[in-house]
Structure formats: structure tokens, C-alpha cells
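So the structure is just underneath, and the comments pick up after that.
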2 protein chains.
Amino acid sequence: MNPPSTYHSVAANLQSWIMSGELPPGSKLPSERRLCERLGVSRVNARDAMHFLEGQGLIYRLNRIGWFVAPAPFIYDPTRTHSLLDEAKSQNRKLDTELIQAARVPAPLAIARKFGIPATTEVLNVLRRRAVDGRWVLLESCYYQEDDFPNLLDQDLTASLNALVRNTYGFKRRRQNIGISSKPLDQVQAQQLRVREGSPSLKLSRDVIVDGRCVVAEAEHWLHDAIEMRMRGRTTG
Amino acid sequence: MNPPSTYHSVAANLQSWIMSGELPPGSKLPSERRLCERLGVSRVNARDAMHFLEGQGLIYRLNRIGWFVAPAPFIYDPTRTHSLLDEAKSQNRKLDTELIQAARVPAPLAIARKFGIPATTEVLNVLRRRAVDGRWVLLESCYYQEDDFPNLLDQDLTASLNALVRNTYGFKRRRQNIGISSKPLDQVQAQQLRVREGSPSLKLSRDVIVDGRCVVAEAEHWLHDAIEMRMRGRTTG
DNA sequence: CAGTGGTCTAGACCACTAC
DNA sequence: TAGTGGTCTAGACCACTGC
């Protein structure tokens, strides 16, 4: 319907290359300038097409490196009690975990409020990034009440933190408050996942409540196209 | 740090106007061209700033109408059993509901599969859009197994469908499978919310299971900046 | 170092909205 | 009809990556 040089048609072109398998998931797209030449459009136009397909979750980019074909999203149950590694295994996906930081830090305001402690109190913070099939897609920041988790920093913090809380520290009877929202990554977060500042993410926050007290506060930032959350079997009134 | 004409600084300018209350939530921003003049930047640059702030959830746009300051997100519990209207009332927000379509239609493939029926079978579909404080932010599409919901189309379909299912049709003991993902709006959906095609949304799907059978399948598309989901008190092993 | 995406200019025309 | 955002061109320089 439109003349052939709209960004929609550029996007349609790319899309057909992807759908046809010419460009398999994970593969790198031709550079923007090469695409301009090949399709006879200006660079802005080509970029608009990329941004459009990025929004569709069909392609993603690594900052200043290039555009890539997005793999299928990871399926994830945020109410899970088992480790993410198991979930990855059952989906036949490779999960890598990298510890970025593990330290005793002054409680950020929001965390202090959740824990019901003064803002100057020190808490434990574990910061990790995780990759699915080689792509960094998840940033985890977990805060722990220090008194409840003695020697936490000496544990293996690249394994399941969930299991640690449940088994090593014995917090089995617990409730969770879960929040899900769409949040852009700030500069630091973006750098850690090698994406641009402001990249859209799905933020999952989880407060673990034991005996009416919040003892763990987690925040997960997932690149928006890499994740799909599913919760099964909730019973309601 | 950077020279003053980057889109970051344009964004910072706008942001300060918004934060200072000069531009209250819901108010219209100056037009792009006026901003270019006022700040001495090119239009592409101004637009990049807008897109950045849009990603931050600070402003939103109505297609071809203009940019507006985004109000605070609506807080929402997707596991709720009460009506959304009540939830809006308790947050002091106005909720409008408009029925777009209510009809008997051939089951789409995905729905047929969920219901466990042949794809040619007819099912009931109710399509609505909803506004929070005057802004269209939600598109609801609900499918019902026809046999389980006699005369559904004759009911008041602008009120709580949840209450209808529970009270009028008596489905009290039920389970829900919930899915949450980030999805762009297609052309039709975008038009109904007066936004651009491809606008990011949070998709919430909910399958209502009664006696192991799926009788209702809903999909909600929320504009990504207008919603924050919170689930309280989940108990886990 | 060459090549990539990231940012930016100064224009232009089109599609649509509100009046 | 006037004004809006939506699309588009043909250039340019910068910051960063990988080699």
C-alpha cells in the first residue's frame, strides 16, 4: 500500500529474512550503513525500522556493537521456590551467573523502609548478572537483613540464593510480596548488560516475609524481550 | 558534562519543568517545533529527548495529537477477585469502561486450544477499553465458552465481568493461570488506545480453570507506563 | 586502526486532528 | 485550514569496539 521505502517495508524485509531462517536467532544483522545501501534508504529510516523491530522483540542490540536476532523468550514463574537453574535446564537453555558484588552496605532508603530499620543500618547486598544462552538478560540485586543471614557473604553466591535462604538459613514458612512493572535501565544497569541507557526492562521485585517481618528484598531487571512470566494454578475465591 | 545541546540535556530540561510542577500530570507539552526553537536544537534531537522520556514513563503521546505528562501508574493486583472499579475507587482514580464489541465469533486458534475445542467452534468474545483518569490505557479481550455462559451477551457488559462470572454464573471455585509479558500493540489495538502502532504494553493473560477445564480466557493490554502490578501474600514452600 | 552504532543538523513532505 | 506529530533525505562528527 505504501511506497516501498517506508521503514515499515524495511522492517518487513528484515522480518522476512529472519522468519525464513536466513538470519537465525542470535545471528548478527548487517550493519546499518550496509542496509541503507542495499535497500536504498537513508540511515534514519533504517534505524527507525530497527527500533520498530526492537519494540516487537524480534531483534535486540548490544551497545555500539550491533543488532542481533532475538531468541525466544525465557519462560519464568516469579512465584517459584526452586532455582532458576532448574527452570533453565527444563527449557534446554544455558544459564550463566556472574557475581558482580557481594558486600555489607548502608541500607538504601527504600530497603530500610521495607526492613523497618533506620536508613543508616548496614545490610547485605548481592548483585549478579545472568545470561541465557550467552546473552546477558538479567540483573539481580538482593538485600538481606544482616542478623538473619550470618556469614552469608562466605557462601557460594553464584548458586541459587533461593535455596540458600530456604535450606541453609531455614526460612521455609514465608510469604512473598511480588511487584511487576516496566522500568527503563539506568546508566549503570545498562552498562552491566551491555545495552543502551533507558533500555526497557521488566522489573520484578520480591519481598520475602517471615513472621510478618521482611528479611529479604530482591529486585530483578529482565530485558523486556527476553522474558515471559507465567504463574500456574493460583486459587482464588 | 556534555555540551548543552545533546538530547539528554533537552530531556533534563523537560524533566525539570515536569518535576517543578510547571507541567502538571496530564498537561500537554509544547509542540516539537516550538521546543526546537526555544532550546535551539534540531527536531530530531528534540524527538529523541521525547522518546527517551517516554521510555522513562515520564511522558506519553497520543498519536498525532501531542505529548503529555504521564500521571502516576495505576496499581493493580492481577490475582484480584474483586472488580477493577473498586480498586480504582480505593486509589481515588476515575475508571471509564467502553464496550467495543460483544459477539459470538469463531474461536481463534489459540483460544480453541486453551478451551480444548475445534477451531471452528463459536465462542463469546467481549472487547472493551478502559480509561484511568480520562486516559485510555487498557484493552481487554475476553473469551467465554458459550455453553458455560448462556445469555452472556444480554448482560451488562460494562460492569465487572469478574463479578458476572463469579456471581451470576456461579464459578466460585476456580484456578487461574496468569501470564505477564511485554508486547507491542498491533495496528488495531494501537488505534483503539489512540497511540502509535508498536507502542509497548504489558500483556496480562488470565485463564480461568474450573474442574480442570478452561472456561474463560482473558487478555489485557496495558500501556506500559500506566500500570504497576503487585501481588500480596503469596505463600510458598 | 577501521568499522560500528550513537548523536546531530537543516531542511522536506505527508497524514491526521481540531477547529 | 492551520498546526500537530509521523516519516524521510543526505549528509556530518563522536564514542566506542574489535582487531
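Proteins come first, then strands; the chains are lettered A, B, ... in the order of their sequence lines, and each starts at number 1.
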Discussion item. Would you say that more than 12 heavy atoms from the other residues, nucleotides or ligands in this model lie under 6.0 Å from the CD of A/Gln191, or not?
Written reply: no
Discussion item. What is the distance, to the nearest angstrom, from the CZ atom on A/Arg61 to the C1' atom on C/dT7?
Written reply: 12 Å
Practice prompt. Compare side-chain N and O positions of B/Thr6 against OP1 and OP2 of C/dT7 and report whether any pair is under 4.0 Å apart.
Written response: no
Discussion item. With a sphere of 6.0 Å drawn around CZ of A/Arg43, does it hold more than 12 non-hydrogen atoms of other residues, nucleotides or ligands?
Written reply: yes
Discussion item. Measure CD/B/Glu32 against C1'/C/dG11 and give the value in whole Å, please.
Written reply: 15 Å
Item to complete: Provide, to the nearest angstrom, the distance between the CZ atom belonging to B/Arg47 and the P atom belonging to D/dG5.
Response: 8 Å
Worksheet item: In whole angstroms, how far is the P atom of D/dA15 from the OH atom of B/Tyr7?
Response: 14 Å
Worksheet item: Under 4.0 Å: is that the gap between some side-chain N or O of A/Ser31 and OP1 or OP2 of C/dT4?
Response: yes
Item to complete: May I have the distance from A/Phe52 (atom CZ) to D/dC8 (atom P), rounded to whole angstrom?
Response: 12 Å
Under 3.5 Å between N/O atoms: give me all the protein pairs with nucleotides 17-19 of chain D, atom names plus distance.
{"from": "D/dG18", "atom 1": "OP1", "to": "A/Arg194", "atom 2": "NH2", "distance (Å)": "3.4"}

Fill in: Closest-nucleotide ordering on DNA chain C, the 5'-leading residue of A/Val44 and A/Gly66
A/Gly66
Worksheet item: Between A/Ser42 and A/Arg33, which is nearer to the 5' end of DNA chain D once each is assigned its nearest nucleotide?
Response: A/Ser42
Worksheet item: So, do A/His8 and A/Phe52 have ring centers that fall under 6.0 Å from each other?
Response: yes
Worksheet entry | Integer-rounded Å distance: D/dG3 C1' and B/Arg43 CZ | 11 Å
Practice prompt. Determine: side-chain N/O of B/Arg34 to OP1/OP2 of D/dT4, distance under 4.0 Å, yes or no.
Written response: yes
Worksheet item: Just wondering, more than 12 heavy atoms not from B/Lys114 lying within 6.0 Å of its NZ?
Response: yes
Worksheet item: If you take all heavy atoms of B/Ala11 and B/Leu53, which pair is closest and at what distance?
Response: O-CD1, 3.8 Å
Discussion item. Can you measure B/Lys28 atom NZ to C/dA18 atom P for me and round it to whole angstrom units?
Written reply: 10 Å
Discussion item. Less than 3.5 Å apart, any donor N or O on the side chain of B/Thr158 or B/Asp156 sitting next to an acceptor on the other?
Written reply: yes
Practice prompt. Round to a whole Å and report the spacing from CD of B/Gln191 to P of C/dC16.
Written response: 9 Å
Item to complete: Might you point out which heavy atoms bring A/Ile178 and A/Thr79 nearest each other, and give the distance in Å?
Response: CD1-CG2, 3.9 Å
